[in-house]
**Q** 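So that we are looking at the same thing, I have put the structure below in structure tokens.
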Amino acid sequence: MQQVRVRFAPSPTGPLHIGGVRTALYNYLFARKNNGTFILRIEDTDQTRFVDGAEEYIMESLKWCGITVDEGINEGGKYGPYRQSDKKDIFRQYADLLIDKNDAYYAFDSRDQLDKLRKDADKEGKTFIYNASARNSRQNSLSLPEAEWKQRLKDGAPYVIRYRMPLNEDIHFDDLIRGHIVVNTSTLDDKVLFKSDGMPTYHLANIVDDHLMEISHVIRGEEWLPSLPLHIMLYRSFGWDAPLFAHLPLLLKPDGEGKLSKRDGDKMGFPVFPLYWPYGETAKGYREEGYYPEAFINMLALLGWNPGTEKEIFSMSELIDAFSIDRVHKSGSRFNPEKAKWFNHQYLMQRTNKQLAIEFREFLRIQGFHHDIGQIETLVGLVKDRVSFVSEIWNETDFFFKSPETYDKDAIKKRWKPETPAQLLELKEVLAGIEDFKPDAMESKVKSWIEAKGYNTGAIMNAFRIVIVGASRGPHMFDIISWLGKEETLKRIDKGVSVIGKSL
RNA sequence: GGUCCAUUCGUCUAGUGGCUAGGACGUCAGGUUUUCAUCCUGGUAACAGGGGUUCGAUUCCCCUAUGGACUACCA
């Protein structure tokens with residue numbers, strides 16, 4: 001088998017969305033699986049849509065995801081330049097080559113003229129196609145006398161170079177995911193290959209670049225499938241062997257209306273981008289929402305591909321091991337925010353308490369709390385199975401850091417009895433007498449006290465929880481008070497009994 | 001409108017010419033728990049429809065329906 005070389009080729013028109021990340025991921029997995037090369041190529045042939053910062057955003061996104069680039073603008077490589085605008089002269093040469101072969105021609109029609117033709121055709125319920133049946137009545141080097149179009153070129157009249165699509169010919173080709181496809185050239189038009197601004201269009205640039213970079217497999221989104229016949233024709237015109245093609249299914253909007261787009265931003269309640277986009281209309285990113293890159297990648301990998309086993313948690317190297325193109329689906333898939341959270345929870349659970357403590361300490365710092373890392377470690381161990389994100393740990397542990405300011409009314413209504421205050425003050429004395437403020441030791445002492453007095457365990461413990469936590473929530477009571485320490489625990493009992501007593 | 005692509009539980013999916021059509025997320029119920037979660041157990045729920053082919057089709061073929069992509073001097 002030929003050396004595997006694949007490319008991810010985004011255009012820097014804004015932040016890369018998760019569909020693009022998945023395309024990059026599948027290219028990357030395929031390259032690694034086959035000991036191939038993963039290339040990042042920037043397709044910036046549309047000068048009008050160029051967005052500052054997008055190129056860096058793309059690179060940073062891949063880096064965050066753990067997708068490492070072998071050849072690219074930063075990495076170098078002997079197939080450069082890796083930014084298409086840096087080689088527009090080369091593309092021009094290839095466009096000229098097609099003209100010489102009579103497979104392309106100059107066209108002078110203005111944008112307005114063509115727009116009008118399209119609109120007029122539309123009014124009659126027809127479609128204007130710039131192809132063999134139309135080109136003779138247009139202004140181009142095929143219809144105009146040679147002297148005239150040469151004069152126009154000499155005069156510097158604006159023109160584009162179009163591909164001369166043959167009439168009524170069946171083009172056969174294969175897609176690694178979709179199988180054999182046949183399209184008749186009569187339904188295709190004479191696509192513009194080279195624009196009047198001196199830049200190639202995508203169609204020319206991607207064929208020439210893929211050839212020059214010796215790309216072996218083109219793995220890209222399904223939206224490119226309709227232009228594949230044109231691309232096949234271009235390879236044929238140049239006399240080049242075409243790479244193998246695999247068109248990936250689309251990522252759909254969660255509300256079931258078409259493909260996911262950048263505009264879907266935050267409105268569905270989940271990010272569409274890997275990272276925060278700081279320019280213009282800003283957008284949230286998975287990184288800033290607290291997702292682990294491993295979880296994000298794991299989730300994305302399983303959206304449109306499946307190894308055929310029931311295994312769901314995959315590290316990047318496991319993905320590389322298991323990945324194959326022929327197990328990529330044909331139909332589009334919808335993203336499920338709930339499952340994304342579940343994935344993150346799985347990865348959070350895999351972290352050690354120490355790692356989580358280090359991460360959570362940053363959140364505490366923002367809240368103005370500074371605790372020993374060992375203490376935080378104990379704390380996250382108590383609540384990690386309740387959260388999907390590190391940021392959620394605060395919601396589960398706020399009462400560790402500050403004494404309750406209010407006490408949940410429903411909890412009081414349900415758990416606070418006339419005898420409760422007296423019992424809690426008794427409990428306070430029991431706790432005051434305990435030297436070793438460890439969960440297990442306290443639990444047995446408190447329980448034997450409850451038993452000796454003939455009290456109801458549930459009643460005591462729930463009321464106790466209210467004065468310590470302020471509500472009916474949180475981890476095991478003895479874990480909580482052990483962490484708080486004796487002094488704070490006794491203080492909270494006094495405060496709770498007093499404040500709740502006044503409110504009744 | 002034209003061309004092309006697709007169609008298994010609500011979602012992501014497994015799967016086969018003959019199965020009680022499997023799993024995960026969600027959801028519901030029960031259990032565990034001093035609370036809330038977690039956890040455990042169980043339930044719910046799908047082969048788009050119609051024709052063929054076949055002894056037998058969810059699986060193969062055709063048609064229809066539905067969904068989607070493309071239809072720019074954008075990628």
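In what follows, every chain begins at residue 1, and chains take the letters A, B, ... in the order their sequences are listed.
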**Q** Ignoring backbone atoms, establish whether A:R386 has a side-chain N or O less than 4.0 Å from OP1 or OP2 of B:U35.
**A** no
**Q** Can you list, by residue number, the residues of residues 170-179 of chain A that have a non-hydrogen atom closer than 4.0 angstrom to RNA chain B?
**A** A:R178
**Q** Provide the Watson-Crick or G-U wobble partner of B:U59, both distances under 3.5 Å; none if there is no partner.
**A** none
**Q** Does the side chain of A:Q84 pick up a donor-acceptor pair with the side chain of A:D209 at under 3.5 Å?
**A** yes
**Q** Using 30° and 60° as the class boundaries, would you call the ring planes of A:H231 and A:W224 parallel, tilted or perpendicular?
**A** tilted
**Q** Which base sits across from B:U35 as a Watson-Crick or G-U pair, both distances under 3.5 Å?
**A** none
**Q** Of all the nucleotides listed (B:A75, B:G68, B:U71), which has the minimum atom distance to the side chain of A:K191?
**A** B:U71
**Q** What verdict does the salt bridge (Lys or Arg N to Asp or Glu O under 4.0 Å) test give for A:K339 and A:E312, after you've listed the backbone C-alpha separation in whole Å, the side-chain angles of each residue and the deciding distance to 0.1 Å?
**A** CA-CA 11 Å; A:K339 187 114 188 205; A:E312 288 202 278; 2.9 Å; yes
**Q** With a 3.5 Å limit on both atom pairs, tell me what B:U53 is paired to, counting Watson-Crick and G-U wobble, or say none.
**A** none
**Q** Which nucleotide, in any strand shown, forms a Watson-Crick or G-U wobble pair with B:G42, with both distances under 3.5 Å?
**A** B:C28
**Q** Side chains of A:S388 and A:N344 only: does a donor on one sit below 3.5 Å from an acceptor on the other?
**A** no
**Q** For nucleotides B:U41 and B:U32, find the distance between their C1' atoms and express it as a whole number of Å.
**A** 11 Å
**Q** Could you check A:L98 against A:L234 for side-chain contact (heavy atoms from CB on, under 4.5 Å), going step by step and ending with a plain yes or no?
**A** CA-CA 9 Å; A:L98 289 182; A:L234 284 169; 3.8 Å; yes
**Q** Select base, sugar-phosphate, or nothing to describe what A:V160 touches, counting heavy atoms under 4.0 Å on all strands.
**A** base
**Q** Please determine if A:R351 forms a cation-pi arrangement with A:Y347, meaning its NZ or CZ atom is less than 6.0 Å from the six-membered ring centre and no more than 45° off the ring axis.
**A** no
**Q** Looking only at atom P, what distance separates B:A46 and B:G22, rounded to whole Å?
**A** 11 Å
**Q** Does the structure show a Watson-Crick or G-U wobble partner for B:G1, both distances under 3.5 Å? Name it, or say none.
**A** B:U71
**Q** For the pair made of CZ in A:R49 and C1' in B:A72, what is the distance, rounded to whole Å?
**A** 11 Å
**Q** Would the base of B:U34 count as contacting A:H476 through its side chain, where contact means a donor and an acceptor less than 3.5 Å apart?
**A** yes
**Q** Can you work out whether A:R415 or A:R327 has the more 5'-proximal nearest nucleotide on RNA chain B?
**A** A:R327
**Q** Determine the Euclidean distance between corresponding C1' atoms of B:G17 and B:C70; express it in Å to zero decimal places.
**A** 36 Å
**Q** Taking the inter-plane angle between the rings of A:W449 and A:Y455 on a 0 to 90° scale, is it parallel (under 30°), tilted (30 to 60°) or perpendicular (over 60°)?
**A** perpendicular
**Q** When you measure only distances, ignoring hydrogens and angles, does the side chain of A:T127 come within 3.5 Å of the base of B:G1 through a donor and an acceptor?
**A** yes
**Q** Hey, does the Lys NZ or Arg CZ of A:R162 hover above the aromatic six-ring of A:Y130, less than 6.0 Å from the centre and inside 45° of the axis?
**A** yes
**Q** In whole Å, what separates the P atom of B:U58 from that of B:A48?
**A** 10 Å
**Q** Pick the nucleotide of RNA chain B nearest each of A:K339 and A:S110; which residue has the one closer to the 5' end?
**A** A:K339
**Q** Among B:C4, B:A75, B:G68, which nucleotide sits nearest the side chain of A:S11?
**A** B:A75
